[in-house]
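Step one of this worksheet: look at the structure below.
We use all heavy atoms of the structure for the numbers below, so side chains are in, but hydrogens, waters and symmetry mates are not. Within every chain, numbering begins at 1; the chains are lettered A, B, ... in the order of the sequence lines, protein sequences first and strands thereafter.
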Amino acid sequence: MNPETALIILETALLTSEEPIPLSDLSRLFEEEIESVEELLASLARQWEGKGLELVEVAGGWRFRSRPEMKKHLDRLNAKKPPRYSRATLETLAIIAYRQPVTRGDIEEIRGVSVSSQILKTLEARSWIEIVGHREVPGRPALYATTVQFLNDLDLSSLEQLPQLKEPDSILG
Amino acid sequence: MNPETALIILETALLTSEEPIPLSDLSRLFEEEIESVEELLASLARQWEGKGLELVEVAGGWRFRSRPEMKKHLDRLNAKKPPRYSRATLETLAIIAYRQPVTRGDIEEIRGVSVSSQILKTLEARSWIEIVGHREVPGRPALYATTVQFLNDLDLSSLEQLPQLKEPDSILG
Amino acid sequence: MIVARIHGELIGDLPRDLYIPPEALEVVLDTFEGPLDLLLYLIRKHNLDILDISMTELTRQYMSYIEEARQRHELAAEYLLMAALLIEIKSRMLLPKPAAMNEEEDPRADLVRRLIEYERMKEAAIELDLLELDGRDFHHARAQQGGADLPLLPDLDVNDLVQAWLGLVSRAKMATPHKLGREELSVRDHMAGILRKLRDHAYLEFSELFDCGKGLAALIVAFLALLELARESMVSLFQTEPFGSIYVRVSHES
C-alpha cells in the first residue's frame with residue numbers, strides 16, 4: 001500500500017471516529033502490515049499544520065480536534081453549549097478526580113456537607129465518573145473514580161495531566 | 001477575510017459538527033459578510049477530491065462523510081465477527097463446485113430437498129457462482145458453475161486445487 | 001482588642017472589608033458550599049493564619065453569621081454541627097494543659113487538616129473548570145461514516161466446502177455414487193469453461209475450444225469435457241461438409 005493511500009485511510013478513520021482511536025487499533029485499518037503507524041500519524045499531523053483541526057493524543061488514543069483559534073467561529077454557530085457546572089458539582093468532581101477511588105462519605109467528609117444524589121447522577125450521566133468497586137465496610141459503599149471519557153473530554157492523556165494541586169505553602173511558612 | 005481563512009473555518013465547522021449544517025447557518029460562522037457560501041462550499045468540495053471524505057448536501061444541510069470505498073477499512077476497526085453460511089448454502093456451493101455445471105434440479109436431487117432461490121441468489125450476489133448455460137431439456141434449466149472470483153476468494157488457482165475427495169464408495173461402504 | 005495572631009504577631013484591628021451588611025447575608029450564605037467554605041472565607045477575609053487560627057475570633061465571627069442566617073431561613077444542620085465543633089475546640093484550648101498531655105495534638109489540628117484539604121479541592125475545582133472542554137472550548141472531528149451498511153459477508157475456507165460435501169455423501173442420498181477424483185473434476189471444470197466461451201457466441205469452431213499451449217493432458221481433458229457436454233445434450237456438434245470444420249454451439253430446444 002502506498003503511503004498516500006495509507007494516509008487517506010488513517011485520516012478518514014480519525015475524522016469519522018466518535019471516540020479516540022488507540023494506537024494499537026489503528027494498524028487494523030490496513031490489510032497489509034504497516035511499518036510504522038507512528039510515522040504515518042506524524043505525517044498526518046504535518047499535513048494538518050495551518051488548518052483548523054489538529055491531531056492530538058488523549059487518554060483513549062488519537063483524534064482530531066479544532067484548534068483554539070477556531071473557537072470564536074464555532075461559538076457563533078453553536079447556540080447550545082455544555083452547561084457550566086455548579087460549584088458543588090465541580091468540587092465533587094475534583095475530589096473524585098484527585099482522591100479516587102472515593103466513597104460518597106469521603107466526599108462529604110472533605111466538603112463538610114452532604115452530597116446530593118443528583119450531583120453524582122449528573123456526573124455519571126456525563127460518563128465522567130463510574131463505580132469501580134465497593135469499600136469493604138458495613139454498607140459496602142460504592143467507590144467512585146473518573147473515566148477515560150472524562151480525560152478525553154478534557155483532552156488529557158492521563159490523570160497526571162490534571163492541574164497540580166496547590167501546595168499548602170502556609171504549612172511550610 | 002481572505003478566502004483561505006474562510007475555507008479553513010468552513011472546513012473546521014463541517015468536520016466537527018454532529019449534524020449537517022444548514023446553508024443559512026454556515027454564513028453565521030463569519031464576522032464579515034461572505035459573498036457566496038455556495039462558492040466556498042464548491043471550493044471546499046474540490047479540495048477534498050481524491051480524499052477519504054466527501055462534502056455532501058443532505059436534507060439537513062451540508063456535512064462531510066466518508067466515501068463508500070472507505071467503508072471496508074473503517075469496518076476493520078470495528079472487528080465484527082463475520083456470520084457463517086448455513087449448512088444448506090455450504091452444501092449447495094459444494095455441489096456446484098464439485099459437480100459443475102449443474103442445474104438446480106441436480107442440486108435438489110443430490111441434497112434430497114428443494115433448494116431455495118435465496119441460496120442461489122446469495123451465492124450469485126457474492127459472485128461465487130454464475131449461470132454458464134442451459135440444459136436442453138424441457139424448461140431449459142440454468143446450469144450453474146463456480147467463478148474465478150470463487151477461486152480467488154478461496155485462494156485457489158484452479159478447481160483442481162479443491163481437496164480431492166475420498167471415494168464416495170468407501171464412505172458409503 | 002486582639003483579633004488575630006499571625007506568626008506570633010498580634011493583630012489588633014479588623015480589616016474594614018470584613019463587614020457584610022446583614023441584608024446581603026442571605027445571598028452570601030447561598031454562595032457558600034458549606035461550613036468549611038464559610039470558615040475558609042472568614043479565615044481568608046480576616047487574614048488569619050490557617051495554621052494558627054484564633055479560635056476566639058473565628059468562632060465569634062462564625063456564630064454571628066449563622067445567627068443572622070438562622071433568623072432568615074432554615075440553616076443546614078452541617079452549619080450548626082460546625083458551630084458546636086468550634087466551641088468545643090475553643091473550650092479545649094482554654095483548659096490548662098497538664099504536663100503529661102504536652103504530647104497531645106493541638107485541638108485545632110483536625111479542623112486545620114480538613115480546612116487545608118477542602119481548600120485544595122476547592123481550588124482544584126476552579127482549575128478543572130478552567131480546563132478546555134470538548135463542545136465548549138474545542139470540538140472533536142465527527143464526520144459521518146458513509147457507505148451503505150452492508151452486512152458482513154461470511155468467511156469461507158476450503159475445509160467448510162469439503163465438510164459440506166462429505167456430509168452430503170455420508171447422507172448417502174445419491175442414487176449412484178459419483179466418482180470424484182482430480183480428473184473428473186478437471187473435466188467438469190472444462191465443461192463449465194466451454195459453456196462460458198459459448199455464452200457469447202452463436203457457435204465456435206472446434207479448434208477454438210482447445211488451447212494447445214497447455215499440453216496433451218489438458219487437450220484430452222478438454223476433449224472429454226466436450227464429449228460429456230454433447231452426451232448431456234448441453235452442446236451440439238455439427239459439420240457442414242465431410243471433413244470440413246466442426247462447429248460447436250449451445251444446444252437449442254428443437
Side-chain angles (χ1 to χ4, degrees), chain A residues 1-2 4-34 37 40 44 47-56 60-82 155, chain B residues 1-2 4-34 37 40 44 47-56 60-81 153 155:
Chain A
M1 179 173 293
N2 70 56
E4 284 92 70
T5 310
L7 275 176
I8 284 176
I9 294 169
L10 189 64
E11 179 181 73
T12 305
L14 287 163
L15 285 173
T16 57
S17 176
E18 269 165 72
E19 305 286 329
I21 311 178
L23 189 65
S24 54
D25 284 7
L26 284 172
S27 53
R28 282 222 312 269
L29 281 167
F30 311 101
E31 279 129 88
E32 308 153 42
E33 204 68 36
I34 285 288
V37 180
L40 280 179
L44 191 57
Q47 278 189 5
W48 280 84
E49 274 167 19
K51 305 275 265 171
L53 299 180
E54 60 187 339
L55 186 58
V56 293
W62 290 83
R63 78 178 345 173
F64 275 106
R65 53 161 271 184
S66 62
R67 292 182 195 273
E69 59 266 33
M70 287 290 123
K71 177 171 149 59
K72 64 174 188 289
H73 298 285
L74 299 179
D75 279 354
R76 300 167 63 88
L77 199 60
N78 302 303
K80 59 174 196 291
K81 309 184 72 188
D155 249 3
Chain B
M1 177 175 295
N2 71 56
E4 283 94 70
T5 311
L7 276 177
I8 284 175
I9 294 168
L10 189 64
E11 179 181 71
T12 306
L14 286 163
L15 282 172
T16 55
S17 175
E18 256 168 282
E19 303 291 328
I21 310 178
L23 190 65
S24 54
D25 284 8
L26 285 171
S27 54
R28 284 221 312 268
L29 282 166
F30 311 101
E31 284 126 86
E32 311 152 40
E33 204 67 39
I34 285 288
V37 179
L40 280 179
L44 191 57
Q47 278 189 5
W48 280 84
E49 273 165 20
K51 304 275 265 170
L53 298 181
E54 60 187 340
L55 185 58
V56 292
W62 290 82
R63 78 177 334 166
F64 272 106
R65 73 164 177 231
S66 62
R67 294 180 195 273
E69 58 266 32
M70 285 290 123
K71 178 139 183 70
K72 64 174 186 289
H73 297 287
L74 301 178
D75 281 348
R76 299 171 63 88
L77 267 188
N78 316 317
K80 281 176 260 163
K81 238 186 131 47
D153 286 355
D155 252 355

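Ranked by heavy-atom pairs shorter than 4.5 Å toward chain A, the options B:Leu26, B:Leu7, B:Asp25, B:Leu15 are led by B:Leu15. Contact count versus chain A (heavy atoms, under 4.5 Å) is highest, among B:Ile8, B:Thr12, B:Ile21, for B:Thr12. The residue among A:Leu53, A:Ile9, A:Thr5 with the most heavy atom pairs within less than 4.5 Å of chain B is A:Ile9.
For the atom pair B:Glu11 CD and A:Ser66 OG, the distance stands at 12.0 Å (nearest 0.5 Å). For the atom pair B:Arg28 CZ and A:Leu77 CG, the distance stands at 5.5 Å (nearest 0.5 Å).
Within a 6.0 Å sphere centred on CD of A:Glu18, other residues, nucleotides and ligands contribute 12 heavy atoms or fewer.
Neither the backbone nor the side chain of B:Phe64 comes within less than 4.5 Å of any heavy atom of chain A.
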